[in-house]
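Heads up, the thing below is written out as C-alpha cells.
Values below: all heavy atoms of this structure, side chains included; hydrogens, waters and symmetry mates excluded. These numbers come from a predicted model, not from an experiment.
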Amino acid sequence: MNNILSKQRLSQEVFRVSIHAPEIAEARKPGQFIILQMGGDFGERIPLTIADANVEEGSITLIFQAVGETTHRLATLEIGDSIENLLGPLGKPTDIRKYGKVVCVGGGIGVAPLFPIVQAMKQAGNEVKVIMGARNKSLLIMEEEMKNTADEVIVVTDDGSYGRKALVTVPLKELCEEWKPDCVVIIGPPVMMKFSALTTKPYGIHTIVSLNTIMIDGTGMCGGCRVNIGGTTKFVCVDGPEFDGHLVDWDNMLLRLGTYRNKEEEAHHRCHIGLEIKEGEA
C-alpha cells in the first residue's frame, strides 16, 4: 500500500504529503502526474502533479488544495495511513533543454508542480527567473525552495499583502520587454495561464502551459480531458499535460471545466466543515 510518510499543512486548505511509491519516484520526470483513487473501486479518480521525489526514500511529494470531496478526504489522512490506488507516472515529461533564458510562472497551487521544472531547467544550464503569484501572502507556497533554486524570484499578490501588488502578467510583460526570455513555462489557474500566454504571444516567445482539465482514467480512453490545440483534438492525459500556450483554445477549455463546478462547491462546503471539526478535535 502507498503509505503516508509525512504531512504538512501549508495554508488553510493546502497540504503537502510524502507518499511511499518507490517505482513512481524512480521513474518520474518533471511535468508528469499521478492519478489516485480513494474509497474503493467506485471512488473518484483525481490527477495530481508530482511536486518532488526522493529516490533513496522511495517517496513522491504531492501538494494539493482541498477543493472537492477526494482532496478533502486526502487532507484527513495522517502519517501511516495509506492510499488504496496510485497510478503513475503519467503524461509526457516537460521538454527540458538548454533554451538560454527561461521564465517560470506559477500561480497559487501551480507553484508546486512548477518546482521540479525550475530545478530541471537550472540543471540543463539555463538562467531561470521565477514569478510567483497568489491572492494574498497566506496562500504563497514554496518561496524558499524557489529562491534556493532559481536565479531570481519575483513575488506578486493580488491584495499587495506581500511582494508587489500585481498580477503575474505585469512582471511577465516587463521581462518579455527587458530580459527577452527564450522560453516561458506557466502553471496555475486556467484564466491566469490564458492571459499569461496572451502576454508572451506578441513577443513570439515559446510558451509552455500545463493544463489541468477534467480527467478520469488517465489513459486516453474516456476522452474527458480532451482539449482543442491549434484546431486539433488532444487528450491532456496522454498528449500532455503540457502544450504550446499560444495554440490552446482557452475559452472551450474553461467552458468544459465548469461542468461539475456546482457539485464541487457543494462537496467543498460539506467536507470543509468536516475537516475543520477533525482539526479542532486533533
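Between the side chains of T199 and T169, no donor-acceptor pair is found at a separation under 3.5 Å.
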| request: Go through the steps to decide whether W179 and V103 satisfy the test side chain to side chain contact (heavy atoms under 4.5 Å, CB included), and finish with yes or no. | output: CA-CA 10 Å; W179 196 54; V103 175; 3.6 Å; yes

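Between Q123 and I96 there is no side-chain heavy-atom pair separated by less than 4.5 Å. No side-chain heavy atom of I208 sits under 4.5 Å from any side-chain heavy atom of I117. With a 4.5 Å cut-off on side-chain heavy atoms, D249 and I229 do not count as touching. In this structure the side chain of N212 never reaches within 4.5 angstrom of the side chain of P241, judged on heavy atoms.
Judged by distance alone, with hydrogens and angles left aside, the side-chain atoms of N126 form no donor-acceptor pair with the main-chain N or O of V128 at under 3.5 Å. At distances below 3.5 Å, at least one donor-acceptor pair connects side-chain atoms of D81 with backbone N or O atoms of E78. Under the 3.5 Å distance criterion, the side-chain polar atoms of R135 are left unmatched by any main-chain donor or acceptor of G108. Here the side chain of Q65 pairs no donor or acceptor atom with the backbone of V14 at under 3.5 angstrom. Proximity of a side-chain donor or acceptor of N2 to a complementary backbone N or O of I83 within less than 3.5 Å is detected. A distance-only check finds a donor-acceptor pair linking the side chain of K7 to the backbone of L77 [under 3.5 Å]. Between the side chain of S59 and the main chain of S18, no donor-acceptor pair closer than 3.5 Å is present. Side chain of W250 to main chain of G245: a donor-acceptor pair is present (N/O by atom type, distance under 3.5 Å, no hydrogens or angles).
Grouping Ile, Leu, Val, Met, Phe, Trp and Tyr by side-chain contacts under 4.5 Å, direct or through others, leaves V170 on its own. Other residues sharing the hydrophobic cluster of F235, ordered by chain and number and joined by side-chain separations under 4.5 Å: V238.
Each salt bridge (charged side-chain N to carboxylate O under 4.0 Å, His left out) pair with one or both residues in residues 170-188, not counting sequence neighbours, appears once here: R164-E174. Sorted by first then second residue, the salt bridge (charged side-chain N to carboxylate O under 4.0 Å, His left out) pairs that include residues 100-126, not counting sequence neighbours, are K122-D151.
For P47, the side-chain contact (heavy atoms from CB on, under 4.5 Å) partners two or more places apart in sequence, or in a different chain, are F33, I35, M215. Residues satisfying the side-chain contact (heavy atoms from CB on, under 4.5 Å) test with K137, not counting sequence neighbours, are S161, Y162.
Among V130, T149, I141, the one residue that satisfies the side chain to side chain contact (heavy atoms under 4.5 Å, CB included) test with F115 is T149.
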